[in-house]
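Below is one structure, written out as structure tokens; the observations come after it.
Not measured: the values here are computed from a predicted model. All values below were derived from every heavy atom in this structure, side-chain atoms included, with hydrogens, water molecules and symmetry-related copies excluded.
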Amino acid sequence: VGDILRKMGSAYSQLRSYHIAAVRQEAYLEPRFGASHSSVITLDADGKGRMRMNLTGEGPNILVVNDGKTTWHYAFEKNMYTERKHVAAAAEPGTSESAANQADLLGRTEDLLVGRYVKLWQFEKQASLQGEQAIEFQGRKTPCYRVVFHLKDLRDQLWIDQSRYLVLREKTVRPIAAPERRSLVTDAIPLTEF
């Protein structure tokens, strides 16, 4: 599993320009209540520090564009935009720029779909290879390694493309124990384009 995770990290650290589209499905399950939220995310980078992210679905629909010096957020429902100067684009996954952007929606999205996979090999002792599985991706069956992480408060599954070492699907399950109830949070992110 360590070899697979290192190859995955290398593949993501070499990404410069890309187009990623994903459907994110979050669910909160409690004994007497359940809620879910679905959104479509597209993330584009051109390798020159410019990025574009579009978030649509249940909740606010937002377009974020960064030219490397300025970030614009456009809210579709309000037909309004905001402009922020000097917010660095997270062009280099796994760098300090990516960490600095965690307060920004674009930076968090870049880390969710690209940045965090660069150093995930550091958790190889908590990971196990659960076999191989072909999943549907862009109209064809794609052979993937299924790697499962058992971390303190969550179980994270990755379906990693066997030829490109890119994550095509992820599912995280996190149980939350409260004094009077127990709830379960699931977060599934199947990619539709890469």
Exercise for the section: Please check if Ile4 and Leu158 belong to a single hydrophobic cluster, counting links between Ile, Leu, Val, Met, Phe, Trp and Tyr side chain heavy atoms closer than 4.5 Å. Expected result: yes

Problem - Tyr28 with Val23, same ILVMFWY side-chain cluster at under 4.5 Å - result: no

Fill in the blank from the handout: Residue pairs passing the side chain to side chain donor-acceptor pair (under 3.5 Å) test with at least one member in residues 138-154, sequence neighbours excluded, are Arg146-Gln157

Practice task
With sequence neighbours excluded, tell me which residues meet side-chain contact (heavy atoms from CB on, under 4.5 Å) with Ala127.
Solution key: Val1, Leu5, Val147, Phe149

Practice task
To the nearest 0.5 angstrom, please state how far the NE2 atom of His73 sits from the CG atom of Leu55.
Solution key: 11.5 Å

Problem - Rounded distance [0.5 Å steps], CE in Met53 versus CD1 in Ile20 - result: 12.5 Å

Practice task
Please list, chain by chain and in numerical order, all residues satisfying side-chain hydrogen bond (donor to acceptor under 3.5 Å, both in side chains) with Gln25, sequence neighbours excluded.
Solution key: none

Practice task
Give every residue pair that meets the ring pair (Phe, Tyr, Trp, His ring centres under 6.0 Å) criterion with at least one member in residues 113-136, sequence neighbours excluded.
Solution key: Tyr12-Tyr117

Exercise for the section: Say whether Ile62 and Tyr81 are linked into one hydrophobic cluster, either directly or through other cluster members, by side-chain heavy-atom distances under 4.5 angstrom. Expected result: no

Exercise for the section: Measure the spacing between OG1 of Thr71 and CG of Asp104 and express it to the nearest 0.5 Å. Expected result: 5.5 Å

Handout entry: Partners passing side-chain contact (heavy atoms from CB on, under 4.5 Å) against Gln122 (at least two apart in sequence or in another chain)
Key = Lys119

Ignoring hydrogens and angles, write down the donor-acceptor pairs under 3.5 Å from the side chains of residues 187-194, residues two or more places apart or on other chains.
from: Asp187; atom 1: OD1; to: Arg24; atom 2: NE; distance (Å): 3.0
from: Asp187; atom 1: OD2; to: Arg24; atom 2: NE; distance (Å): 3.2
from: Asp187; atom 1: OD2; to: Arg24; atom 2: NH2; distance (Å): 2.5
from: Thr192; atom 1: OG1; to: Ala21; atom 2: O; distance (Å): 3.3
from: Glu193; atom 1: OE1; to: His19; atom 2: NE2; distance (Å): 2.7

Fill in the blank from the handout: Sequence neighbours excluded, the answer for side-chain contact (heavy atoms from CB on, under 4.5 Å) partners of Ser17 is none

Exercise for the section: Using side-chain contact (heavy atoms from CB on, under 4.5 Å) as the criterion, list what pairs up with Thr56, not counting sequence neighbours. Expected result: Val40, Asn54, Asn61

Exercise for the section: Consider only side-chain heavy atoms of I, L, V, M, F, W and Y, link residues closer than 4.5 Å, and tell whether Leu106 and Trp72 are in one cluster. Expected result: no

Problem - Any Val185 side-chain heavy atom under 4.5 Å of Glu26 side chain - result: no

Handout entry: Counterpart residues, salt bridge (Lys or Arg N to Asp or Glu O under 4.0 Å), relative to Arg155 (two or more places apart)
Key = none

Exercise for the section: Could you tell me the separation between the OG1 atom of Thr42 and the CG atom of Leu63, rounded to the nearest 0.5 Å? Expected result: 8.0 Å

Fill in the blank from the handout: Rounded to the nearest 0.5 angstrom, the CG-SG distance for Asp161 and Cys144 is 5.5 Å

Exercise for the section: Mind jotting down which residue pairs meet the salt bridge (charged side-chain N to carboxylate O under 4.0 Å, His left out) criterion with at least one end in residues 126-135? Sequence neighbours excluded, please. Expected result: none

Handout entry: Within one Ile-Leu-Val-Met-Phe-Trp-Tyr cluster: Leu105 and Leu43, side-chain cutoff 4.5 Å
Key = yes

Exercise for the section: Only counting residues at least two apart or in another chain, list the ones meeting ring pair (Phe, Tyr, Trp, His ring centres under 6.0 Å) with Phe76. Expected result: Tyr74

Handout entry: Contacts of type salt bridge (Lys or Arg N to Asp or Glu O under 4.0 Å), residue Asp46, not counting sequence neighbours
Key = Arg50

Problem - Distance in Å, Tyr18 OH paired with Leu166 CG, rounded so as to fall on 0.5 Å steps - result: 11.5 Å

Problem - Minimum heavy-atom distance between Met51 and Ala45, given as atom pair plus value - result: CG-CB, 4.1 Å

Practice task
Step through the shown structure and confirm whether more than 12 heavy atoms of other residues, nucleotides or ligands are within 6.0 Å of CZ on Arg174.
Solution key: no

